Colleague: 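Structure in structure tokens, see below.
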Amino acid sequence: MPHEWDSAEYVSKWIEDGDKTDPERAEQITALVGLIQRSAEESIEVLDLGAGYGIVTREIFTAYPNAQVVCLDGSAEMLKHGKARLADLENQLSFIVASFDSPNWLATLPANRQFDAVVSSRAIHHVVDDRKQALYKEIFQLLKPGGCFVNHDLVRKPDDPIRDNHDPFGTVEDQVVWLENIGFIDVECFWQTEGRALFGGYKSW
Ligand SMILES: C[S@@+](CC[C@H](N)C(=O)[O-])C[C@H]1O[C@@H](n2cnc3c(N)ncnc32)[C@H](O)[C@@H]1O
């Protein structure tokens, strides 16, 4: 069933149910943030793609209290929840409503903005594989030297057929190769289970 990210009712319900559908979610988000591998006191600049109600961003601030985070999402409704939940950190945050289903989202970022980390959870699978690969290139270009991209997302299990446009298409093995071909180093699938994976890589210094 397609998601209705523009519906206030749907979004509230999704947030309410969201964490219950994946018992390992909190652990995986902590692991994702752990992969950024910087000193806790650093004022790292982070982009949370498909930030939703801010669950990953909240964990970023737990690990990096001086971080500056841009939360980008195609759903104004989702970001409304994010803003409310992260209100205590408003001086370290900015919110952008934009869709990464075309390269136009890049123009919504401040000119020449670069990031120490681009993070994402359960969002990028919403775009088809060709667009995913283009997006990964765009992310690579936004990273500072030594920066990382880490993604906790739905992926296609190798034996699953591609059913429709809502499928998560690429397997994690495919996606690791895409990242390596773009120039990411130390690319790895750090964790995977039934149809979900935590993977990413780094930009060399
Ligand atoms: C399943 S929610 C995950 C939200 C959050 N990252 C989390 O882990 O709770 C997916 C989010 O991705 C956003 N999203 C989906 N497709 C998008 C796109 N093409 N551009 C920007 N955001 C998108 C949705 O609006 C939604 O907030």
Side-chain angles (χ1 to χ4, degrees), residues 2-7 11 32 35-36 44-57 60 67-80 82-83 93-156 162 164-187 189 197-205:
H3 292 292
E4 297 168 35
W5 301 124
D6 292 329
S7 151
V11 164
L32 180 155
L35 290 164
I36 298 175
I44 57 169
E45 297 187 85
V46 181
L47 171 63
D48 185 353
L49 271 185
Y53 64 97
I55 188 171
V56 177
T57 290
I60 298 275
Q68 295 285 333
V69 183
V70 176
C71 293
L72 185 142
D73 200 287
S75 161
E77 280 302 329
M78 269 290 195
L79 287 187
K80 220 185 273 175
K83 266 184 202 165
L93 277 168
S94 51
F95 294 90
I96 298 176
V97 180
S99 171
F100 47 68
D101 62 7
S102 88
N104 296 342
W105 71 282
L106 292 166
T108 67
L109 296 172
N112 304 320
R113 186 84 193 257
Q114 297 262 284
F115 297 92
D116 297 290
V118 176
V119 298
S120 190
S121 157
R122 292 193 189 175
I124 294 176
H125 69 273
H126 287 294
V127 298
V128 296
D129 278 1
D130 284 352
R131 180 62 202 138
K132 270 189 208 114
Q133 292 180 68
L135 180 60
Y136 291 163
K137 273 188 205 150
E138 290 156 10
I139 290 169
F140 187 74
Q141 278 150 16
L142 286 175
L143 286 176
K144 297 179 198 176
C148 71
F149 166 55
V150 275
N151 188 14
H152 176 230
D153 212 349
L154 309 190
V155 292
R156 185 166 64 83
I162 296 172
D164 59 39
N165 247 14
H166 189 62
D167 264 1
F169 302 123
T171 63
V172 70
E173 289 78 9
D174 294 333
Q175 303 203 42
V176 160
V177 171
W178 301 341
L179 293 180
E180 284 170 342
N181 289 343
I182 288 166
F184 282 95
I185 58 167
D186 298 331
V187 179
C189 172
L198 172 61
F199 61 97
Y202 298 79
K203 190 169 185 171
S204 59
W205 287 96

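From a predicted model like this one, the values you see are computed outputs, not experimental measurements.
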Colleague: Can you tell me how far apart CD1 (Ile60) and CG (Asp48) are? Round to the nearest 0.5 Å.
Modeller: 7.0 Å
Colleague: Taking Trp178's backbone N and O only, do any of them form a donor-acceptor pair with Gln133's side chain (distance below 3.5 Å, no angle check)?
Modeller: no
Colleague: Taking side chain to side chain contact (heavy atoms under 4.5 Å, CB included) as the criterion, tell me which of Asp73, Val70, Val118 meets it with Leu49.
Modeller: Val118
Colleague: Just how far is it from atom CG of Leu47 to atom OG1 of Thr57, taken to the nearest 0.5 Å?
Modeller: 9.0 Å
Colleague: In Å and rounded to the nearest 0.5 Å, what is the CG to CZ distance from Asp174 to Arg156?
Modeller: 6.5 Å
Colleague: In sequence, state the C-alpha distance, the side-chain angles, and the governing distance for Leu142 and Leu109, and then conclude on side-chain contact (heavy atoms from CB on, under 4.5 Å).
Modeller: CA-CA 10 Å; Leu142 286 175; Leu109 296 172; 3.7 Å; yes
Colleague: With heavy-atom distances below 4.5 Å as the criterion, would you say the side chains of Val176 and Phe184 are in contact?
Modeller: no
Colleague: Taking atom CZ of Arg131 and atom CD1 of Ile124, what is their separation to the nearest 0.5 Å?
Modeller: 10.0 Å
Colleague: Which pair of heavy atoms, one from Trp105 and one from Phe100, lies closest together, and at what distance?
Modeller: CD1-CA, 3.7 Å
Colleague: Hey, what's the ring geometry for Trp5 with His126, parallel, tilted or perpendicular (30° and 60° as the breaks)?
Modeller: perpendicular
Colleague: Are the side chains of Val150 and Val119 in contact, using a 4.5 Å heavy-atom criterion?
Modeller: yes
Colleague: Taking all atoms of both residues into account, what is the closest heavy-atom pair of Pro103 and Glu138, and its distance?
Modeller: CB-OE2, 3.5 Å
Colleague: List the atom of Val56, the atom of Ser121, and the distance in Å for their closest heavy-atom pair.
Modeller: CG2-CB, 3.5 Å
Colleague: Apply side-chain contact (heavy atoms from CB on, under 4.5 Å) to Lys144 and list each qualifying residue two or more places apart in sequence or on a separate chain.
Modeller: Glu45, Gln114, Asp116
Colleague: Mark yes or no for whether Asp153, through its side chain, and His125, through its backbone, hold a donor-acceptor pair below 3.5 Å.
Modeller: yes
Colleague: Indicate the ring-plane relationship of Phe199 and Phe149, choosing parallel, tilted or perpendicular according to the 30° and 60° boundaries.
Modeller: perpendicular
Colleague: Rounded to the nearest 0.5 Å, how far apart are SG of Cys148 and NZ of Lys203?
Modeller: 12.0 Å
Colleague: If you compare all heavy atoms of Glu77 against all heavy atoms of Asp6, which two are closest, and at what distance to 0.1 Å?
Modeller: CG-O, 3.6 Å
Colleague: Nearest 0.5 Å, please: how far is CG in Asn151 from NZ in Lys132?
Modeller: 9.5 Å
Colleague: Is there side-chain contact between Leu79 and Cys71, with heavy atoms separated by less than 4.5 Å?
Modeller: yes
